[in-house]
Amino acid sequence: MPDALSDLGVRLTSRGGQLRVWSANATAMELCIFDEKDSTWVAKTLPMTQNGEVWSVTTKYLTPGTQYSVRVSGPTGPGHDFDPTTHLIDPYARGLARASNGVWRGYVQEPDSFDWGSSTKPGIPMDHTVLYEAHAKGISKLNPDVPEELRGTYAGLAHPSTIAYLKDLGVTTVELLPVQAFVSEQRLIKQGLINYWGYNTLNFFTPHAAYASRDAQFGGTGAVLREFKGMVKLLHEAGLEVVLDVVYNHTAEEGPTGPTTSFRGIDNKSYYRQTADGDYVDTTGCGNSVNTATPAVQRLILDSLKYWTNDLQIDGFRFDLAAELGRDANHEFQPDHPLLLAIRDDPELQNTKIIAEPWDVGMGGWQVGNFPGVSESGRGWSEWNDGYRDRMRDFWLTDIGAARANGTAPNGIGSLARRLAGSAHVFSQERGPVASVNFITAHDGFTMADLTAYNQKHNMGNGENNRDGTDNNHSFNHGVEGPTKDAAIIDSRRKAMRNLLGTLLLSAGVPMLTAGDEFGRSQRGNNNAYCHDSELTWLPWKHDPWQEDLLQVARDLIRFRRENPALRPVRYGRWGETVPSATQMDWFNKQGVSMSEKDWDSPEERTLQYLAASTPEFEDFNRILLIVHGLEDDVDVVLPAHEGVAGYSLLWDSSVEEHADPLVDYLPGSLRRVSGASMQLLRAHGADSTV
């Protein structure tokens, strides 16, 4: 027997379409059917019947393509906002349409007949995953090889030229900024701006129609959905995964005076976090916070995830402001929150990647490392690691700037090393390095190129007098703010980008590369370009020669990561044990001897040699040596001697833009010159190995 919350939304039956809507506080509810030719005209109004907290109606008028809404009556008083004259979107609507008067409607989606053919989910293990954070429109909008009518669309993302670029780069998983239907905030609309990023969700079940081609947008019932599924199918056929950035923490209804489109009018008191007096508890900074302490809200989010996972074949999710999802009825974060555990444990979500942005803006909102541990099935949450981001930026940027200004860097190398090795000080032993999603940049903040070129944000174009966006950028302009023709500064900036890319792609954990960083894309110092749908934010496809060189570095680094399992352990090692699929780590100073406490902590000793050996479980044995040098003076290092190591071959040197094949064999104990503020990757081999 189905539970009370099953089959919400519209289901097509032999007796017609059945609509079921949950509300704990409504006293009456009616279904409105709109005229086929005039979507502002209510053609039919049908009362809905209450059974517990679910209201339902079955009618022959709910057929594919039919536009519909609900109107809801209920009590007045603190926390309630019922208005029986307001047309509301069914929270489970599978399609959305906007009438000529600007009011949103749900529409009945056609039965699923999409042919997935032989397309299957790639199922890429977390340790092999390289995430590529991209915008569904921005990635192809300027691609000259995509037909003009498909640029900036789902079809443009799935175009052979876009896919070929992603495959050539070597990333495994495209992480798309929000593609669930969204609208711009009222404030932005008044300023003549838009929400380009899409973190303002209108409905949890519907692909954003504006990212579909014009033919799909005007192609009738199901056309947008078919184009979206076609995109996923083609990416899967190319071996690429699709992860969605999802926003379940707040909605586009904004604060109490914002537009009422769905939840607020259906049951404001149940859907949104409030005080006893009915004031909103805003832990998101967006006006409202979805109340995940309500079981029906938990179910709504789970049903949405299952729909995208199973019906649309999505491979995983990155949860925006995920700490908010884990807050209880007292608005306090709980690692064992039933929603967080259900997302991890639900059988229908077992093969999806689940990634938390582990913070929000409420009290106790920073929860990095505190998401649920690994389940009995071995599945666990991964989390964005902002400590990794900040420390790597500091090491290669602000520390270098401070050393120039003051003669010494403020930090040693120990903090970098801990994160390079998988952030075991942040994540529990059972979760392992793959719990850490490492990133240098993301959609919000400076691009990697801008980190090296700007000390201050330049957000005047956002309409907020440069007040928006973080001031804590951990960036260094190398002596000039913004563009310069100074050759020495240009060289330093480009080397810094190579160092940042190298650190990201050679660290233990799961790397996330922001689209365009692989070739030095700039947003001219804007570190909060959420409201710009223009060439400022679109991915440029025409590159200068230096950008092509940087792009090749990114390709090489991703390949080195793929070919060297010692760089991507699944588990943390334990002293004195051989842990399968971990990495045995040995740390040496520039003299080639084991690191001392002074070596770890001294700002004058910012050089280390990281010798990592895989502990094979599914792949061949592998050992690498990574040399990191964080001072601007050149240094000679003694390559370390280690049992089983007969020599080293150089794979990559960040101090140069181009690399020859690694034909030279360097012996343990030999001297190797390392240029100032650079890193080198070498492969170690035994006596019977060939270079």
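For the residue pair Pro433 and Val570, the shortest heavy atom distance occurs at CD-O, 3.2 Å. Shortest non-hydrogen contact noted between Pro640 and Leu625 is CD-CD2, 3.9 Å. For the residue pair Ser423 and Ser436, the shortest heavy atom distance occurs at OG-OG, 4.2 Å. When all heavy atoms of Asn195 and Gly198 are compared, the closest pair comes out as OD1-N, 2.7 Å. Between Ile558 and Gly170, the shortest heavy-atom contact is CG2-O, 3.4 Å.
Between the side chains of Asp468 and Asn462, at least one donor-acceptor pair of N or O atoms lies under 3.5 Å. Using modelled atom types and a 3.5 Å distance limit, the side chains of Ser161 and His159 yield a donor-acceptor pair. Judged purely by distance below 3.5 Å, without hydrogens or angles, the side chains of Thr484 and Asp486 never pair a donor atom with an acceptor atom.
Residue pairs meeting the ring-ring contact (aromatic ring centres under 6.0 Å, His included) criterion with at least one partner in residues 475-514, sequence neighbours excluded, are Phe476-His478. Sorted by first and then second residue, the salt bridge (Lys or Arg N to Asp or Glu O under 4.0 Å) pairs with a member in residues 390-409 read Arg391-Asp399, Asp399-Arg606, Arg404-Glu632; sequence neighbours excluded. Legend: side-chain hydrogen bond (donor to acceptor under 3.5 Å, both in side chains) pairs involving residues 165-174, not counting sequence neighbours, sorted by first then second residue: Tyr165-Glu518, Asp168-Arg555, Thr173-Glu241. Screening residues 139-166 for salt bridge (Lys or Arg N to Asp or Glu O under 4.0 Å), with sequence neighbours left out, gives no hits. Screening residues 523-550 for salt bridge (Lys or Arg N to Asp or Glu O under 4.0 Å), with sequence neighbours left out, gives Lys137-Asp533. Counting only residues at least two apart or on different chains, the salt bridge (Lys or Arg N to Asp or Glu O under 4.0 Å) pairs with a member in residues 494-513 are Arg498-Glu657.
From Gln680, atom CD reaches atom OG of Ser655 across 6.5 Å, with rounding to the nearest 0.5 Å. Once rounded to the nearest 0.5 Å, the distance linking CZ of Arg672 with OH of Tyr666 reads 4.0 Å. How far OG of Ser475 is from CG of Leu451: 6.0 Å, rounded to the nearest 0.5 Å.
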| Chi angles and distances behind the salt bridge (Lys or Arg N to Asp or Glu O under 4.0 Å) call for Lys590, Asp636 | CA-CA 7 Å; Lys590 62 188 177 186; Asp636 288 323; over 6 Å; no
| message | Let's go through Thr129 and Val434 carefully: what are the C-alpha distance in whole Å and the side-chain angles of both, what is the deciding distance for side chain to side chain contact (heavy atoms under 4.5 Å, CB included) to 0.1 Å, and is it a yes or a no? | response | CA-CA 9 Å; Thr129 298; Val434 294; over 6 Å; no
| request: Go through Ile413 and Val628 one step at a time and tell me if the side chain to side chain contact (heavy atoms under 4.5 Å, CB included) criterion holds. | output: CA-CA 9 Å; Ile413 205 165; Val628 179; 4.2 Å; yes
| query | Do Trp587 and Asp599 pass the side chain to side chain donor-acceptor pair (under 3.5 Å) test, and can you show the C-alpha distance, the side-chain angles, and the key distance before you say yes or no? | reply | CA-CA 10 Å; Trp587 305 89; Asp599 294 328; over 6 Å; no
| field | Pair Glu481-His458, side chain to side chain donor-acceptor pair (under 3.5 Å): steps then yes or no | value | CA-CA 10 Å; Glu481 187 75 355; His458 296 264; 2.8 Å; yes
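Salt-bridge check for Arg568 with Glu619: passed, with a basic side-chain N closer than 4.0 Å to an acidic carboxylate O.
Each of Asn466, Asn473, Asp471 was compared with Lys457 under the side-chain hydrogen bond (donor to acceptor under 3.5 Å, both in side chains) criterion, and only Asp471 meets it. When each of Leu240, Val174, Leu157 is tested with Ile163 by the rule side-chain contact (heavy atoms from CB on, under 4.5 Å), just one qualifies, namely Leu240.
At least one side-chain heavy atom of Ile624 sits less than 4.5 Å from a side-chain heavy atom of Leu567. Two residues are said to be in side-chain contact when any heavy atoms from C-beta on lie closer than 4.5 Å; Leu169 and Leu551 meet this criterion.
The six-membered or imidazole ring of His443 lies near that of Tyr199, with a centre-to-centre distance under 6.0 Å. Ring to ring, Phe439 and Trp384 are close: their centroids are under 6.0 angstrom apart.
Judged as a side chain to side chain donor-acceptor pair (under 3.5 Å), and not counting sequence neighbours, the contacts of Thr408 are Glu604. Contacts of Ser522 classified as side chain to side chain donor-acceptor pair (under 3.5 Å), with partners at least two apart in sequence or in another chain: Asp450. Partners of Tyr196 under the side chain to side chain donor-acceptor pair (under 3.5 Å) rule, at least two apart in sequence or in another chain, are His135. Under the rule for a side chain to side chain donor-acceptor pair (under 3.5 Å), the partners of Asp320 that lie at least two apart in sequence or sit in another chain are Asn249, Arg318.
More than 12 heavy atoms of other shown residues, nucleotides or ligands fall within 6.0 angstrom of atom CZ in Arg673.
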Exercise answer: donor-acceptor pairs, residues 230-238 side-chain atoms, under 3.5 Å, sequence neighbours excluded:
from: Lys233; atom 1: NZ; to: Asp115; atom 2: O; distance (Å): 3.0
from: His236; atom 1: NE2; to: Asp315; atom 2: OD1; distance (Å): 3.3
from: His236; atom 1: NE2; to: Asp315; atom 2: OD2; distance (Å): 2.6

Considering only distance and modelled atom types, tabulate donor-acceptor pairs under 3.5 Å from the side chains of residues 500-514, sequence neighbours left out.
from: Thr503; atom 1: OG1; to: Trp396; atom 2: NE1; distance (Å): 2.8
from: Thr503; atom 1: OG1; to: Asn499; atom 2: O; distance (Å): 2.7
from: Ser507; atom 1: OG; to: Tyr388; atom 2: OH; distance (Å): 2.9
from: Ser507; atom 1: OG; to: Thr503; atom 2: O; distance (Å): 2.5
from: Thr514; atom 1: OG1; to: Thr441; atom 2: O; distance (Å): 2.8
from: Thr514; atom 1: OG1; to: Thr441; atom 2: OG1; distance (Å): 2.9
from: Thr514; atom 1: OG1; to: Ala442; atom 2: N; distance (Å): 3.4

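The closest donor-acceptor contact from the side chain of Lys353 to the backbone of Val243 lies at 3.5 Å or more, if one exists at all.
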